[in-house]
Structures are given as C-alpha cells and as structure tokens.
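The structure appears below as structure tokens.
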Amino acid sequence: MDLRYSEADEKFRAELGAWLKEAVPAHGKAPSIHDWPGRRAYDTGWQRKLFDAGYAGVNWPKEYGGRDATLTEQLVYYEEIARAHAPYVGVNFVGMLHGGPTVITEGTEQQKAKHIPRILRGEEVWCQGFSEPVAGSDLAALQTRAVRDGDVYRVTGHKIWTSFAQVSDYCELLVRTNPDASKHKGISWLIMPMDLPGIDIRPLPTIIGDSDFSEVFLEDVPVPVENLVGEENDGWRVTNVTLRFERGTAFASEMYQLQESLRDVVEIAKRVTRHGVVVWEDRALRREVGHLQSELDSLWAMMKLSVSETAQTGMPGLGASAIKLYYTELYQRVCELALGVLGRAGLAREDVGGLPTQDALRRMLNSLSLTIAGGTSQVQRNIISERILGLPREPR
Amino acid sequence: MDLRYSEADEKFRAELGAWLKEAVPAHGKAPSIHDWPGRRAYDTGWQRKLFDAGYAGVNWPKEYGGRDATLTEQLVYYEEIARAHAPYVGVNFVGMLHGGPTVITEGTEQQKAKHIPRILRGEEVWCQGFSEPVAGSDLAALQTRAVRDGDVYRVTGHKIWTSFAQVSDYCELLVRTNPDASKHKGISWLIMPMDLPGIDIRPLPTIIGDSDFSEVFLEDVPVPVENLVGEENDGWRVTNVTLRFERGTAFASEMYQLQESLRDVVEIAKRVTRHGVVVWEDRALRREVGHLQSELDSLWAMMKLSVSETAQTGMPGLGASAIKLYYTELYQRVCELALGVLGRAGLAREDVGGLPTQDALRRMLNSLSLTIAGGTSQVQRNIISERILGLPREPR
Amino acid sequence: MDFRVNEDQAALQEGIRSFCEGRVSIEQLRELEGKGFESELWSELAEMGVFGLRLPEADGGVGLGTADAVLVFEELGKALVPGPLAWTHLAAGLVDGAADGTAVVGGLDLSDGHGAPYIIEHFENLDVLLLLYADRIERVAPKALDAKPVATPLDPLTPIFEVSEIPEGEVIGGAEDAQRMRFEGAVLVSGQLLGITETTLAMSLEYTKGREQFNRPIGGFQALKHIMADCFVRQEATRAVVYAAGATIDDPLAGDVSRAVSSAKAMAGESAWKNSRAAVQLHGGMGFTWEVPVHYYLKRTRVLENVFGTSEEHADALAEGLGQAVA
Amino acid sequence: MDFRVNEDQAALQEGIRSFCEGRVSIEQLRELEGKGFESELWSELAEMGVFGLRLPEADGGVGLGTADAVLVFEELGKALVPGPLAWTHLAAGLVDGAADGTAVVGGLDLSDGHGAPYIIEHFENLDVLLLLYADRIERVAPKALDAKPVATPLDPLTPIFEVSEIPEGEVIGGAEDAQRMRFEGAVLVSGQLLGITETTLAMSLEYTKGREQFNRPIGGFQALKHIMADCFVRQEATRAVVYAAGATIDDPLAGDVSRAVSSAKAMAGESAWKNSRAAVQLHGGMGFTWEVPVHYYLKRTRVLENVFGTSEEHADALAEGLGQAVA
C-alpha cells in the first residue's frame, strides 16, 4: 500500500512541469467559443507542441508514437496538465481518447498507419457519431443504416451529440449493417471521412450557448468498405472497447480541476462580504466545503487505487462506473456551492465586480451534462448494481 | 383561501385545552414499556376519560358515540392533544384508527353494536393481523388460510408486526378464503377474538428493545363466521378502506410533535457547549434547523390543505401518500440532527448530564420504522408516481 | 378555515393562465431573448390587473389580497413572463403609473447586506428604480445611476446591469413600509418559484412518458419514477406553504407573518431549483440543449432565488426566530 | 506508487478475518450483550497481535505500520468486535501490558473541547484510563474516577459510564504524542467504520437478493438497486481514503497527514451511518428488529463517530486547512 510516487515519477513531473511553465503561456489565450477555425488551430497547435516535446499520447504504445507511460506517470501527467492550466484536449478529444485507441486496438495495419500518427500530431480531428435521437441510453437501438454497395457502404441516418463536427476530418461512426439480427449483433464501426457527399451538419446549441454539439444528417453517404474497423456486425464489441477507454484514467485531469474549483469557492468566499461579514466566515458554508474536501480526497484516493489495479490488469475495471458516478455528482455539488457564494453576482455569465463569475457559471452549466453524457448516473447505477453487485437485471 | 380557525374552532380549542390542563397531569406517569398490564390500564383508562369528557372518537359519527367533529376541529383536537403532551393513543390505536372505522363503514349492525361502544370507551383492545413474513409490501400475497367449517372459519397461518397482541381482545385479521382466485380476490376480513384456542403470541423485540410487536401463530383457530366483515372474498377492498383511514388526518398529532422535537433540538443545542462555545452558535446547525423549520411549516400547510380538501370529498385523497412520505422523511432528519447535537451524550439511552437523551434516542430509533411501516417510502413513491402522476406501472 | 382555492380565485388564476398561454408562448419568449421586455405585453399585463391587483378599487385597482396575487404570480412563473413584475406590482399606489403599466418600476433590495457589485434586472426599461433599505424605501431616476450592461446575463430573458455606486434617492416609505415590501416581495416571488416547481415537473412527466428507450417509456423506470414522486411531494409542500404565506399576510391573525414568509421563500427557492435540476437530468441530452425550454426555468430560478432574500437567508431568519422562541 | 493491498497485507487481513468469523460470530456477540467484554477474547486478540501490531519487534511487537493496522481494524469493525480496541492498541509501548493484553486500556478524548457529561466506554473493564488532551497525554487509575454506570447504553455491546469530574493524572506524553495519538486513533476507528460500511452493504445485498415480494427478489427493483449502488460507491470511496490515511501516516512524504486523517474520519463516519441506515430500510420490518444484527452496526457507528473527532469536526478542520492554503 505504497502511496508515494517513485523517483522516476517525480523526475517526469519535474521535466513536464518545467516544460509546461514555458509552453502554456507561450501558446496564448484560447479563442472565442464561437470561432471554430480558431479553436481547431488552437487545440491542434497545442497537440502538435505536446507531440514535439514527447508528451502526446502518454498512454499510447511507443510503436504508435505514444509515450507508453506507466499509469502513475499518466496520473502525474494529468495532475501537471491541470495544475499548469494547460489547454484542454479540446477538438482532439475524440481522436486521442476514443477513435485513436480503438483503431490501435481493433484497426488494420493500414488504418493505423493512416490515422494514428496524424491524430497524435494534431493533423487529424475526429468526431463521434454514436448517439441517435432514438438511441441514447439505449445506444444499441441505433438505426442509421449502412448498405454494402460494391466498395462502399451507403450510409443513411441521423446522429446527434456529435461534438466538434464542424471542424472534424473523420467521424467514428456506428451503423447498422444487419437489420435482421438482434440489436447488439448487427452493428458496425466505421471511419467516416467528413468530406464525403451527403453529410449535413446542424449545430445544436446547448444551455451554455455554445455549439460544441451538432446533429449530423447522413443521406446515402458512401463510406469506403476499407474504413470498417473490426469485423462487420461486430461493432458493438468494438464500441465497448472505446467506452471502457472513456471510463478509465481520462477523468484524472478533471478531478484535479475539481479540487481547484473548490479552492476557487473558498477564494471567492473570502472576497465577498454580506452584512459586513466575509462570507468565508459562514460556518455553514465551511462545513459543506470541509465535507466536500473529504469527498474529493476520497475520490482522488479511489482514482489512485483504481490506477494501481489497472496497472496490473491493463484495462480499467467496472469500478470505473463508480468513479464516473461519484466524480460527476461531486462536481455538481461544488458548482452549486459556488453559485450560492456568488449570490446576485452569479446572475452574470461574465466577470462582474472583479469576481470570476464567467468561469464559475460556465462550469456550473457545463456540469449539468456530466451526469447525462457517457452514460447517465442512472445507467451507471444500473451497471454497478447489476454487473458489480450481482443484483437482478431490469425486466425487459 | 382562509387559514384562520373559526370562532367555533377556537371555542372548542379553549374548552379542550382547559380540560386537558387538568386531566393530563391527573392521569399520572406512563408505566414502563415492559409493564403490559400497566400499559393497557393506562392507555384504556385515558380513553375512558376522553369518552366521559366527550372527546373520544372526534372523527367518529355521532350515532356511534363519536363527536363527529369537523375536520378543522379534528385538527385543533390533535394540536391540543400534542401540545398538552396527553397520553398517546397507545393500545387503543388499532381499535380507534383501523378496526373501529372499518366496522363502522363495513360491519353489520350486530358487529357495530357489539364492538363500537366498547372500543370507544376503552373496554376493548384490538390488534392488527395483516402482514405475514412473506407478505409485507406485497400484502395481497398473504397466505393465512381460513376454511369454512360449519359456523366457523378454521384459520391457520403466521402473522407478523402485530402490535399490542399481548393485551388485545380482538384482532382485525386478513385471511385467504379462496386460494384459487387471483391474489386480491380471495381475501376476507375477520374479527378474531384473541382468547380462541390455537393462538400463539411470540413477542418480536425491536431495535428499541421493546416488544410492541409480536408474531402471531394461528393453528386451526375457530373464528365464528358471524365475525366476517364485508363479503367473503371481498376483504381486499375492505382493507383498503382501513388503509386510507391510516393515511388521513391521523398524523396531525405526530406532526405537531415533530415541531416540538425541532424545538427540543434547539433547546439542547443551547445547553451544550463545545470548545467553550454554545452549540446553538454553530451556524451550520442553525442553517439546517432553519431549513427544517421551513419544511415543517410546509408539511403543516400541506396537512391543512389536505384537510380542507377532505372536508369536501369526505375521504382523504391519494395525496395522503405524499404527506406520509414527506412527514416520515422529515421526522428522521430532525431526529438525526438531535443526535449530532447530543454528541457523546447520545450514546446513552437514558438521561445523562441533565440532557433529555432518553426521549431523543428513543425517538430516533423509533423514527427508523416510520419509512417502513404502513407502506415503505419506496411503496409510497410508487403509489404517487403511478396513481397520481400516471407514470407506467412496474412490469410484473 | 377553508384553505382551498375558492371559486373567484380559481377564475382569476384561470384568466391569467389562458392569457399567458396565448400571449407568452415559448416561441414568443424566444423572440424576447436578450431583451426580456416588450411594452405591449406590459400594457396587457397591466390591463389584466397584474400590477394593480391589490390596489383598492377606489384608487383604480382591483382590490384583491396577497393570496390572490400569489395565484397570479404562480401563473406568471409558470409562463416565464419576463420583466420587473414583482417590483412594479409592489410599487402600485406608491409610484404613479405603476398600476396601469405606464411606469415600469424596478428595484434593488439593499436590505440584505450584500455589497457591490449591485446587479439590477431590466435596468434599461425602467422608468423608476426603488431602493429597498432595511429602514426605508427610496426612489431614484434610473438616469442617476452609472449602470453598465452585462452582455451575457445568465437568464437570457432577464437582462442585467452592473452598478458600483448607489445614489441617494427620495424617501417614499419608512421602516414599516420597507418591511412590508420585503415580505410581500418575497411571497410574490415565491409564487413565481412555485410556478417553476410545477411546470418543470409537468415537463418531466410529459417527456418521460413519451420518450422510449429499451422498448419502454423511460418514465416507467422506477429510478425515474421515484425522482418524479419526490418532485411531486416538493411541489405539493411548496404550494401549500406559499399559499399559506399569502393568506397569512392577508390575515396576520392566522399566523406569524415573518415566519410564514421565510418558510415560503426558503422552500420555494429550494424546490424550484431541485425540480428544474431534476427536469434537466430527466430530459437527458435534450435537457442540455437551448432548444428545450427547461434551461429557461433553471436560469430564472437563480434570478428569483436572489431577490428578497435567498433560501439560506430565510433559513437563518427562521432559526433565529426559533432560537428566540425557545429562549 | 502501488496503492493496492500487498500480499503480506492480504494475508494479515485474512488471518484476522478468519479468526473473527470463528470466534466472534453474531451468536457469540449476543451473549456479550450488556457486558461487551470477555477476557479470553481479549487475550486471543492480543495473541493475534492486534494490540502490539505496530510496536517494534524488539519491544515484543509485530513491527508493522499504520496501513496494516487499518486493515486489521477494518476486520474488527466488520465483526463488531467489542472493547476498547483502539485505545489499547494506541497504548502499546506507552502502557505496560497493553500490547500483550494483560492491561486493558481505555481512554477519553478531551482534546475536542466537549464538556461534561464525560462518557467513558467499557469503564468497568479498564486497568488504565488514558486522558487525551490537546497538549498532553495523561494516565489515571480508573478507581480515581467517580463513574456512574449507564444502564441502557445505545450500543448493547458497548457499556458506558458517566463521569462528571476528571481527576489529574500522570503525564505520559507531550503535545506531539497527543497529536499523533489523535491522528492514529482517528485512522484506526475509520478502519472500523469502513468495516461497518462494507458489512452493512453486504447484508443488504444478501437480504434483498433473497427476499421476494410481488414474485420478484426485491433487490431487482430499480429503486433499491440504486440505493445499493450508491452504498457501493460510498464503500469504495471510503476504503480508498481510509487506506490512504493509513499509508500517509506511515509515509508523511506521500501527503499531508492532518488532511488525510480528517478526510478519512469525516468520510468513514458519514459512510458507515448512511450504509447502515440504508441497511435498516432495505431490510424492511426485519431491519427494525433486535434479531437481525443490522441495528448493532447502526449503534456501533454512533459510538465510533463520537471518538477522535466527529465527521463535522473533521470537516471543519479540513475547511480551516483549505482556507489557510488559499489565503
């Protein structure tokens, strides 16, 4: 039960920290959320810098250009990235965290050679075409059809919650290739170039007011058969490889960020006065901050335990559902606390009175999606109770 | 939307209050919870005094010796009873609140004549034989068999959660008279004299350490056929009459008591110091007390709204489930708060250091049953969501 | 005691409801984004008696009570009607033209001890601004303030302005008036929060009954059913306590006004937030879109929570009161 | 960093577990009601190394660390082993005979600022009583105290005595020792609370998988499944933070000891309470009986919550620490 990072880990931390200290300020300020070309350039530019410095794909195998870092190094990496307020993975998200890893695991040599280096260097942006209006929590109910026609699949359907579709080069796409099979058996996983004819992208504004998500309408889109990843009709298994990547260590940075958010609450509370008293003197607030600190420390310890276990098994376990559930609900509690401290200043989504309301409000609104995306909290509780605790499955 | 009690109500309050002021102290101290003859005498003696003073069965029709009070008078009655710390209904509970009302509504003239006056005067104590080990939330699954044999039903089975069985004269008993019918269709409602042969009572100690509940084993018990209430095999409907009485205004006294409990928390907090500071100065505690006060006031207002509506329809509506759910969960929160204030003194179930730990701890432990008995909180949520909100029923 | 909504009240509420349904649909609200105010709508509300409701008939008002006003504000809350509704209503009789809608009156509650930045809703549409202090009410001309517009308010239907200094105004009410205004304001806003509590549950019910996943309406999953059952309990409790506060203001012999008001505002603020939060979750991804109007309710809740005392402040006041009663 | 339980630790824990299973069954515990202490059991625990676990081998101990002790106390918590376990363990090396079980050592934490009444657990079985002040540790002979037995303690396996005055004792440790004892005590007790968190969930799972209503195991109803899923998350989070606190005491370079300890105790207290509360509810009527042992866990939780700082006190300490860090 050894909690201390090794000397090698600390050495890695020192090098990375030193590099970030220069690289982060040098990369400049993020563009407006509405400036899509700017966002792509900013995010992929940062990815390129990571690559050049040897920090791209820390968890990717060396043979694919990754760093093949140990899991503790990965943890150090995510901690330092968050601590330095380095740019978020942004438009590289799907490529680096979903599509890339899936191609590495399930793709052909040709697919790997074509995409992996470019994703890693920030030259290729991916988006995700999984969910459909009728297939959310019940993803396997997806209806987008792909019909084989010579060298292509002709794809017709309607995808939703596709992030960064506007600036993507490829889409990891789930399609139904066998409508007669049971719902999990007829799905395939395709790499769809976004410049094919028949693709119509319609942004879907969120409650934050951004357009990070889109609906994607597909009308007879000819996706080359060579872009099939895994076997035809084996897409559900391939997908689950991706989903398990998503529930692994990827939250580490956000968790560290969550601790920073709790500090922000304290900082704001120390700057706001009510009835002539500094809000931080409110013991009811402090009690809640204290409990949250205890829970954040518990979450972080859970993460370390999970990483230590994953280091042996190679794959994050089902416990990742517990981490996802706990993390997202804690995140919302921290964001709500900030709202209470801000009071009327929290009615503005830009900084007022010298208070950082913009960040606090954006974070709060964004937090509402965390218990929905990537499997709702209710779905996570089902997974935990059925697959971990062995309780009876839902009657279908 | 008139909230003020009428002059008649206030007159009733004044008279009742004056009577209670003398009658309550005169009735003396309650006996030990283990002294069953004493408890019966104490509770029925009080019932007799209520009867003699014209306050027994405030909600019962005049023709059955009740007061036939308006619903607002009933509310006043329960308020004053609680305010005066009058003896709890105790062993008269089932007779006054379940059995009696059911006999009034569904019984024969002979049954009414025989039981109603005696229940009202505290001469007859009733208990309830509904639940069985296999039939809790799913009460209709009960298996206790009653087979017609001439003038009697021969009853065999196993009842549980029967309160005050040790000192009861009669039991309102649910039995299965038609094992071939669907589970709701073969049930009958019997009045079982507790002195019949074949009845074996085994107390079932609770986590409080009392024996208010028993298991009742029935072996070929000959219950006279004339003791059938309602039609044979129509017992489920008859039962639901009782259950709806249970969810009506009966909580009013306890709700008032709950407000007193919150005051007790404040009183204890004012007497306990930690780190040299009076605990009541802890703003985190006060914030929670304030929120609870708001919720208790909401609950009380809900009760008044429900009473006003019931006054028109004559029968408490389904909304009673909402009141039951909310009341019981609030009760537990108040009790837990008291535990925190008591700290280590709360490790004693008798008064220590001059603090009223006995009451607080007893209340807390007892509160754990509230979200279970009379339909668990989960069952209440099902009722609300299916019968009030019209959401789909559970798949069976 | 008959705590039910009586026939006149039901008719009043129904009138406002059908007005709002026709006049303030979600589509019409979308067009008000960034503005949050429309003078014709304001005039129509005035004509409906929204502002002069409690003004005596002799003074050109409708002559009704606070309990009635609560029912009206409940509907305004349900329909998300924007604008400085409560302030203008409170100003009727105090500021000429408020009752008939010719003067749009806003306000700033300075009695709660919050310092700068001062945030004022709907500033650019105001003819008069009330300043509510603990011991007095002042009025000032909006042009006397150096107000900076906030480009991105949280609630797209409630534009806000930032002010760092508050000028001296004309005193138009004393300590008692100020206290009454705080109480009445808190109850009216509680009515709006009640409306949000109700409508967000109704939206959740409608959505989850219609949305199918795993070949079942998602509203049939017990976990979601129980969330909505809790929302229902909250709604019923909130309705009762908010109505009770209105009735208590009308008849102080029915209870302690200060306690009734604080219980209502504390409860309504919590309930509106929890039910609108639940609605976002129950709508799944759709709840996170701008298109589905759940977010309007969530955001409006924050606006209403932060006026005439927050839930926390009212909880503190209740604890203070209970502490004194026990002493 | 490898935060997993290593092989030696797993073996240690397994040893204690199988000892408890054979020696401290629920039936055996029932016989200890009202007494809460059995000298043979105490000797056997000493022989297992429970008290001398962290004492250097040179001094007759086992020479292990706090992380190991946490695993042992987790098992003691699961099995509801009664007696002043943590105090006697902490006294090893400080009080002769504590490590080998010949001296039963209890204690009273006076550093938390709680005044009279002073409640002392297991008083009648104590050979030595430790008084833990903020700046020192004292020892007194139990007979120097005027202790009144409490006839009905909450936990039937933890007899308590009431004391109104505390005599002066012999100083056997300074401020640093006192702080270390508080930290270590909090972590050991957190281990016990973790055990309760785990066992009550296990009991709930077993019961709800077996109990049928409406022709289905009740554990198949989504509302109950989700309650247990939350219990599971709580258990996993608690295990991690409690283990981390033990490891941090062993290696202060791995983190901030004070923060690690407070996070563990605050979390463990909340989790044990919530999971045992859930277990009562999930057991339905049976959970309210004396027969089903869930109530033992619920009651023991209160005992452990109220020693070496409550969850609230540790939360306050964490906030204080964070406030200073931000300043």
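- Both the backbone and the side chain of A:Lys304 come within contact range of chain D, each with at least one heavy atom under 4.5 Å from a heavy atom of that chain.
- At a 4.5 Å heavy-atom cutoff, A:Leu292 makes no contact with chain D through either its backbone or its side chain.
- Between D:Ser263 and A:Ser294, the shortest heavy-atom contact is O-OG, 3.0 Å.
- Residues of residues 333-342 of chain A having a heavy atom under 4.5 Å from any heavy atom of chain D: none.
- Heavy-atom pairs under 4.5 Å with chain A peak, among D:Val5, D:Asp250, D:Asn6, D:Leu253, at D:Leu253.
- Chain A forms more heavy-atom pairs under 4.5 Å with one residue of D:Thr248, D:Thr238, D:Leu318 than with any other, namely D:Leu318.
- When each of D:Ala254, D:Gly246, D:Ala247, D:Ala237 is checked for heavy-atom pairs under 4.5 Å with chain A, D:Ala237 comes out on top.
- Contact detail for D:Ser311 and A:His291: the closest heavy-atom pair is O-CE1, 4.0 Å.
- Between D:Glu312 and A:Arg287, at least one side-chain nitrogen of the basic residue sits less than 4.0 Å from a carboxylate oxygen of the acidic one, meeting the salt-bridge criterion.
- Here the CG atom belonging to D:Leu205 is positioned 9.5 Å from the OG atom belonging to A:Ser385, to the nearest 0.5 angstrom.
- Contact of A:Glu7 with chain D is not made at all, since no heavy-atom distance falls under 4.5 Å.
- Contact of the D:Asp251 side chain with the A:Leu3 side chain is not registered, since no non-hydrogen atoms from C-beta on lie closer than 4.5 Å.
- Annotation for D:Gln9 and A:Met1: closest pair OE1-N, 3.4 Å, computed over non-hydrogen atoms.
- When every heavy atom of D:Phe232 is checked against every heavy atom of A:Ile384, the shortest pair comes out as CD2-CG2, 3.5 Å.
- At least one side-chain heavy atom of D:His226 sits under 4.5 Å from a side-chain heavy atom of A:Asn382.
- For chain D, no part of A:Glu288 is nearby; none of its heavy atoms comes within less than 4.5 Å.
- The two residues A:Ser298 and D:Ala240 come nearest to each other via the heavy atoms O-CB, 4.1 Å.
- Of all the listed residues (A:Thr72, A:Val289, A:Leu305), the one sharing the greatest number of non-hydrogen pairs under 4.5 Å with chain D is A:Leu305.
- Annotation: side chain of A:Gln380 is not in contact with side chain of D:Val233 (no heavy-atom distance under 4.5 Å).
- The CG atom of D:Asp2 sits 14.5 Å away from the CZ atom of A:Arg4 when rounded to the nearest 0.5 Å.
- For A:Leu325, the part lying under 4.5 angstrom from a heavy atom of chain D is the side chain only.
- Taken to the nearest 0.5 Å, the CE atom of D:Met267 stands 9.0 Å off from the CG atom of A:Leu299.
- Chosen from D:Glu270, D:Arg239, D:Arg259, D:Arg234, the residue pairing most often with chain A at heavy-atom distances under 4.5 Å is D:Arg259.
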If you look only at distance, which donor and acceptor atoms sit under 3.5 Å apart when one is on a side chain in residues 189-197 of chain D and the other is two or more places apart or in another chain?
residue, atom, partner, partner atom, Å
D:Ser190, OG, D:Ala186, O, 2.7
D:Thr197, OG1, D:Leu193, O, 2.8
D:Thr197, OG1, D:Ala272, N, 3.3

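- Legend: salt bridge (charged side-chain N to carboxylate O under 4.0 Å, His left out) pairs involving residues 219-231 of chain D, not counting sequence neighbours, sorted by first then second residue: A:Arg381-D:Asp230, A:Glu386-D:Lys225, A:Glu394-D:Lys225.
- The shortest non-hydrogen separation linking D:Met228 to A:Leu389 is O-CD1, 3.7 Å.
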Validation: residues 320-327 of chain D side-chain donor-acceptor distances under 3.5 Å, sequence neighbours left out:
residue, atom, partner, partner atom, Å
D:Glu320, OE1, A:Arg286, NH2, 2.5

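- The closest side-chain heavy-atom distance from A:Arg283 to D:Asp316 is below 4.5 Å.
- Only the side chain of D:Leu71 has a heavy atom closer than 4.5 Å to any heavy atom of chain A.
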